[in-house]
Asker: 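Before anything else, here's the structure in question.
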Amino acid sequence: MADSAGSSRAAVRPRLRAWMLEGLADMAKNHPGPHAAPQSADRGQRWWRVMCLTGVDYFSTLGYQPGIAALAAGLLSPVATLVLVVVTLAGALPVYRRVARESPHGQGSIAMLERLLSFWKGKLFVLTLLGFAATDFLITITLSAADAATHLVENPHVSTALHGRELVITLVLIALLGAVFLKGFLEAIGVAVALVALYLGLNAVVVGVGLWHVVTAAHLIPDWTQALTAEHGNVPAMVGVALLVFPKLALGLSGFETGVAVMPHIEGDPDDTEERPVGRIRGAKKLLTTAAVIMSVFLIITSFVTTLLIPKEAFQPGGSANGRALAYLAHEYLGSAFGTVYDVSTIAILWFAGASAMAGLLNLMPQYLPRYGMAPHWARAVRPMVLVFTLVAFLVTWLFDADVDAQGGAYATGVLVLISSAAIAVTIAARRAGEHGWWIGFAVIAVVFLYTTVANVIERPDGVKIGACFITGIIVLSFLSRLARAFELRVTSVVLDGIAERFIRDIAQRRIRFIANEPDRRDVAEYRDKLQQIRADNDIPASEDFVFVEVTVGDPSEFESELRVHGEVLHGRYRVLRLESPAVSNALAALLLHVRDVTGDRPHIYFEWTEGNPFAQFLRYFLFGQGEVAPVTREVLREAEPDRDRRPRVHVG
């Protein structure tokens, strides 16, 4: 019986592993390495369906944005919201339409800025931006679920039974969201389309009824304008105050980064390629523009209607309209039954707002961390990453006790940092392209978003602190992962030129012997002395033949790379194979394994010991791709080829 149970568990484990890693190859195709062969673009989903996936985040802010505007600006809320709309349509939208053109594979503005910096400073910069992206996306999941729980608890039909259970409800909603993504991405898009259609339809009804009451109550608009004039004096003063309070309304800009993050899921033209996905870019621009226009119209009308129809005290903390202004109008003017239906739709879309963030994370993180060697191979698969992000969301929710207000600063900071970085990226891209008018315009937009970011950070510094925690976590875990994978064979392919192939063919007629040489002056004396030293150290007769191998380190911060091997004859007698790689040892190990596979013989390679402290040498290898080459080469070979009888031989003298 025990053997039967054990064999049953053993059979379950491979099936579970296969299910968890299902789609890993497809994810690798969606996130190819820097030297991957061109592939045809995936047909994907229609742009308007993908818009609904990003829209559950963007449009769901209608649940709380009018209340935020009323608290921040009071009677001036419609004017402040108009400033937000202008910044959206004239600032964020042009920026992200350009990002979609420059980075059509979903990396967003991070990829554009990555090109500006190389080596480790570039990787650290990207990891920092990924930290803010993780802040934005993960807080979107937790904050939206917490807000959905709040809407549920505040519904008059269930408030008594559920009061005080916001934390448990939020955790359940996050778990359900993770379950949807474990089931499959297409299911997530289908749910998003239904929720967005229902939510926008119900909002249109609420807004229509609200406008009717504003128009039919003849005193509302004159009373509002008189109070506005009495409070702020003239129009320039109103605009000035609106500009000052605008940073508090920045949550209304959420959704643009996820719009470009999910671009790979947009259907392209039949003749699209990964290099020129024209149809995908066109669809992404339609997505961004349509979502921005729909949201702008709703923002202006809802801020106007809620300001005129809802008493000021109802917006205050603890008030019946706090964080749920439109729900207040739905119950007040359309009755309890319709109000409950509206609450259900609001709860559903707020819950599923995390879907766009989850989709953005699943597309963004695998494009960077595995390529940097800063995540395990399974990080390219959807289901393991869904579990990781869900667990992190559980932790964040528990730490903040499902408090919406406590997470608002971190959310706004993440959104604004990403939008500011996007504005800077497109400014640089336009300037490099010689587009004088565009780069000046983008520079002005960048200044506006930088001001907004700084103002938000000054007022709510907790957002930067939370973002710093995410950044620190990503950097620490990334470097630990890279450390754990330090001895991994990280060459994607080996390509030999004609001369190198001839050298391998010739030496394969005898025992294949290589000498690892660190190029210096590359004169006759260097190769002559090196050859004599290797023969003496290893007691090899003069009749034995050798080929020198020299590795030049390129960018040591890169993890995976293609290995190109060039052959040349120096000083009329010394055959040399030249390689360029991020790490010397990995390049040598990859060459040895390739030679073994193409010749059928085990090659030998000869080293001299490097002087220095072993720990310091390992750090040199980890950070700069060099160090104590011989033992590291042997370790890389040992991990890549467990069979000792087939493993190339390493000699050190």
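Just the heavy atoms: all of them, side chains too, but no hydrogens, waters or symmetry mates, feed the values below.
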Asker: Is there a donor-acceptor pair under 3.5 Å between the side chain of S585 and the backbone N or O of V629?
Answerer: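 Judged by distance alone, yes, a pair lies under 3.5 Å.
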Asker: Output the distance between atom CD1 (I507) and atom CZ (R575), rounded to the nearest 0.5 Å.
Answerer: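 CZ of R575 is found 5.5 Å from CD1 of I507.
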Asker: Using only atom types and a distance under 3.5 Å, with no angle test, would you say the side chain of H571 pairs donor to acceptor with the backbone of R522?
Answerer: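 At least one qualifying donor-acceptor pair exists.
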Asker: Could you tell me whether the side chain of S421 and the main chain of L418 form a donor-acceptor pair under 3.5 Å?
Answerer: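 Side chain of S421 to backbone of L418: a pair is present.
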Asker: Shortest non-hydrogen contact from V386 to G178?
Answerer: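 Looking at all heavy atoms of both residues, the closest pair is CG1-O, 3.5 Å.
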Asker: Looking only at atom types and distance, does a side-chain atom of R596 sit under 3.5 Å from a main-chain N or O of R646, one as donor and one as acceptor?
Answerer: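 Yes.
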Asker: Identify the heavy atoms of P648 and L593 that sit nearest to each other, and give their distance.
Answerer: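 That closest heavy-atom pairing would be CD-CD2, 3.8 Å.
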Asker: So L177 and L173, do their side chains get closer than 4.5 Å, heavy atoms only?
Answerer: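 When only atoms from C-beta onward are counted, L177 and L173 do not touch, as no gap falls below 4.5 Å.
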Asker: Which atom pair, heavy atoms only, marks the closest approach of F548 to Y527?
Answerer: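 Minimum heavy-atom separation between F548 and Y527: CZ-O, 3.5 Å.
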Asker: Do other residues, nucleotides or ligands put more than 12 heavy atoms under 6.0 Å from the CZ atom of R510?
Answerer: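 Yes.
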Asker: Under the criterion salt bridge (Lys or Arg N to Asp or Glu O under 4.0 Å), I'd like the reasoning laid out for E641 against R602: C-alpha separation, chi angles, the key distance, then a yes or no.
Answerer: CA-CA 12 Å; E641 178 51 79; R602 294 169 63 190; over 6 Å; no
Asker: Return yes if some donor-acceptor pair links the side-chain N/O of S103 with the main-chain N/O of V99 below 3.5 Å, else return no.
Answerer: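 Side chain of S103 to backbone of V99: no pair is present.
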Asker: Closest approach of V551 and P519, non-hydrogen atoms and distance?
Answerer: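 Heavy-atom minimum between the residues: O-CD, 4.4 Å.
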Asker: More than 12 foreign heavy atoms under 6.0 Å from CG of D539: is that the case here?
Answerer: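 Open.
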Asker: Check whether any side-chain heavy atom of Q532 sits under 4.5 Å from a side-chain heavy atom of D529, and report yes or no.
Answerer: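 A side-chain contact exists here, since the closest heavy-atom pair is under 4.5 Å.
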Asker: Rounded at 0.5 Å granularity, tell me how far CG in D136 sits from CG in L143.
Answerer: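 Those atoms lie 10.5 Å apart.
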Asker: Short question: side chain of D545, backbone of R513 - any donor-acceptor pair under 3.5 Å?
Answerer: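 No.
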Asker: Evaluate the side-chain contact (heavy atoms from CB on, under 4.5 Å) criterion for residues V426 and Y96: first the C-alpha distance (whole Å), next the side-chain angles of each, then the deciding distance (0.1 Å), finally the verdict.
Answerer: CA-CA 8 Å; V426 298; Y96 277 95; over 6 Å; no
Asker: Got L588 and F514 here, is their nearest side-chain heavy-atom distance under 4.5 Å?
Answerer: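 SC-SC contact between L588 and F514 ruled out.
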Asker: With the side chain counted from C-beta on, respond yes when L592 and H604 share a heavy-atom pair under 4.5 Å apart, and no when they do not.
Answerer: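 With C-beta onward as the side chain, the pair stays apart.
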Asker: Is any side-chain heavy atom of H594 less than 4.5 Å from a side-chain heavy atom of L563?
Answerer: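 The answer is no; the side chains never approach within 4.5 Å.
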Asker: Could you walk me through whether R511 and D601 pass the side-chain contact (heavy atoms from CB on, under 4.5 Å) check?
Answerer: CA-CA 8 Å; R511 177 162 292 186; D601 295 326; over 6 Å; no
Asker: Of all heavy-atom pairs between A590 and V494, which one has the smallest distance, and what is that distance?
Answerer: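 The pair with the smallest heavy-atom distance is O-CG2, 4.1 Å.
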Asker: Is any NZ, NE, NH1 or NH2 atom of the basic residue among E526 and R521 found under 4.0 Å from an Asp or Glu carboxylate oxygen of the other?
Answerer: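 No salt bridge links E526 with R521.
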Asker: Should M385 and L361 be marked as a side-chain contact (heavy atoms from CB on, under 4.5 Å) after you check the CA-CA gap, both sets of side-chain angles, and the distance that decides it?
Answerer: CA-CA 9 Å; M385 294 304 290; L361 283 168; over 6 Å; no
Asker: Is there side-chain contact between F503 and V576, with heavy atoms separated by less than 4.5 Å?
Answerer: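 No, too far: nothing below the 4.5 Å cut-off.
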Asker: Between Y606 and F546, is the ring centre distance below 6.0 Å?
Answerer: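 Between F546 and Y606, which both carry aromatic rings, the centre distance is below 6.0 Å.
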Asker: Could you give the distance from CD (E550) to CD (E518), rounded to the nearest 0.5 Å?
Answerer: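 One finds 9.5 Å between CD of E550 and CD of E518.
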Asker: Just do the side-chain contact (heavy atoms from CB on, under 4.5 Å) check on I466 and F400 with the steps written out, would you?
Answerer: CA-CA 11 Å; I466 297 168; F400 286 101; 3.2 Å; yes
Asker: Distance from T390 atom OG1 to L138 atom CG, nearest 0.5 Å?
Answerer: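 One gets 9.5 Å once the value is rounded to the nearest 0.5 Å.
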Asker: Indicate yes or no: at least one non-hydrogen side-chain atom of I281 is less than 4.5 angstrom from one of M263.
Answerer: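 With C-beta onward as the side chain, the pair touches.
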Asker: Nearest 0.5 angstrom please: L130 CG to T135 OG1, how far?
Answerer: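 If we round to the nearest 0.5 Å, L130:CG and T135:OG1 are 10.5 Å apart.
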Asker: Would you say S481's side chain and L477's backbone share a donor-acceptor pair under 3.5 angstrom?
Answerer: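 Not a single qualifying donor-acceptor pair exists.
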Asker: State the CD1-CG distance between I504 and L591, to the nearest 0.5 angstrom.
Answerer: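 I504 atom CD1 to L591 atom CG measures 6.0 Å (nearest 0.5 Å).
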Asker: Quick check: does any side chain N or O of R490 sit under 3.5 Å from a backbone N or O of S561, one acting as donor and the other as acceptor?
Answerer: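 No; zero donor-acceptor contacts below 3.5 Å.
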Asker: Which heavy atom of P104 sits nearest a heavy atom of R280, and at what distance?
Answerer: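 That closest heavy-atom pairing would be O-NH1, 2.9 Å.
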Asker: Are more than 12 heavy atoms, taken from residues, nucleotides or ligands other than R647, located less than 6.0 Å from that residue's CZ atom?
Answerer: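 Yes, enclosed.
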Asker: So does P541 get a backbone contact from the side chain of R535, meaning a donor-acceptor N/O pair under 3.5 Å?
Answerer: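 Pair found, side chain donor or acceptor close to backbone of P541.
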Asker: Just wondering, do V415 and F256 contact through their side chains at under 4.5 Å, heavy atoms?
Answerer: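 Result no, sub-4.5 Å side-chain heavy-atom pair not found.
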